[in-house]
Amino acid sequence: MTSTKPSSRPTAAAKALTAWTELNDRQQGTLAVIYSLDQAAEQEHQQRGARGDFDPRPASQWRALEFAHDPADRRLFGRTTMQVRLAAAGWDNQGNGSGPAPEVWTP
């Protein structure tokens, strides 16, 4: 007979909640924007497929989210959708995601 004693290991949901609460407001906000844009891309992909305009590319391509333009000169190229949404929340600045190349998030 197996024991019905509860496991002392945290559940995946508990681990996720702990990780989430350890993030600061800016980090949580950035992840929320990423999630929102990802879900919008998925919905658009499904709607286009339902209309017969199926995109055969892998999800890593049609779901890619552009964080910044390359080069990142906003005067010439404007802002990406992600930067616009972060700015609306007061979290966007030129220092976000700084690095050697523009960052693209793929699932």
Side-chain angles (χ1 to χ4, degrees):
M1 187 168 188
T2 61
S3 171
T4 57
K5 182 171 66 171
S7 172
S8 62
R9 288 187 280 166
T11 65
K15 287 180 184 179
L17 180 59
T18 298
W20 180 257
T21 58
E22 289 175 353
L23 298 174
N24 64 39
D25 288 346
R26 184 185 190 108
Q27 291 166 326
Q28 288 180 356
T30 299
L31 286 176
V33 167
I34 290 170
Y35 181 76
S36 172
L37 291 172
D38 174 69
Q39 294 301 291
E42 182 173 346
Q43 184 177 23
E44 180 181 345
H45 180 75
Q46 290 174 351
Q47 289 173 348
R48 291 178 76 171
R51 291 191 306 266
D53 185 19
F54 182 73
D55 185 348
R57 297 177 302 156
S60 62
Q61 291 178 11
W62 59 261
R63 280 186 111 140
L65 301 174
E66 188 173 35
F67 182 84
H69 297 296
D70 183 20
D73 188 340
R74 291 182 179 177
R75 292 170 298 175
L76 293 175
F77 302 105
R79 294 180 173 188
T80 65
T81 303
M82 188 180 304
Q83 288 171 329
V84 168
R85 294 230 183 135
L86 289 171
W91 292 316
D92 182 49
N93 66 46
Q94 287 284 0
N96 284 350
S98 60
E103 299 181 23
V104 175
W105 179 82
T106 55

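What you are looking at is a predicted structure, and each value in this text was computed from that prediction instead of being measured.
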| said: For the CD atom on Gln43, are there more than 12 heavy atoms of other groups (residues, nucleotides or ligands in this structure) within a distance under 6.0 Å? | reply: no
| query | Where do Thr80 and Gln83 come nearest, in terms of heavy atoms and distance? | reply | N-OE1, 2.9 Å
| field | Stepwise side-chain contact (heavy atoms from CB on, under 4.5 Å) check, Gln27 with Asn24 | value | CA-CA 5 Å; Gln27 291 166 326; Asn24 64 39; 3.3 Å; yes
| Roughly how far, to the nearest 0.5 Å, is CG of Leu86 from CZ of Arg26? | 8.0 Å
| request: Could you tell me whether Asp53 and Arg51 make a salt bridge, using a distance below 4.0 angstrom between a side-chain N and a carboxylate O? | output: no
| request: Looking only at non-hydrogen atoms, find the nearest pair between Trp20 and Gln28 and report the distance. | output: O-NE2, 2.8 Å
| Hey, are the side chains of Glu44 and Gln39 touching, using non-hydrogen atoms and a 4.5 Å cut-off? | no
| With the 4.5 Å side-chain cut-off for hydrophobic clustering, are Trp91 and Leu65 part of the same group? | yes
| task | Report the distance from atom CG of Leu37 to atom CD of Glu42, rounding to the nearest 0.5 Å. | result | 13.0 Å
| request: Using a 4.5 Å cut-off on heavy atoms from C-beta on, say whether the side chain of Asp55 contacts that of Arg48. | output: no
| Partners meeting ring pair (Phe, Tyr, Trp, His ring centres under 6.0 Å) with Phe54 (sequence neighbours left out) | His45
| query | What are the two closest heavy atoms between Gly78 and His69, and how far apart are they? | reply | O-CD2, 3.4 Å
| field | Short side-chain to backbone donor-acceptor contact, Ser36 and Ala32, under 3.5 Å | value | no
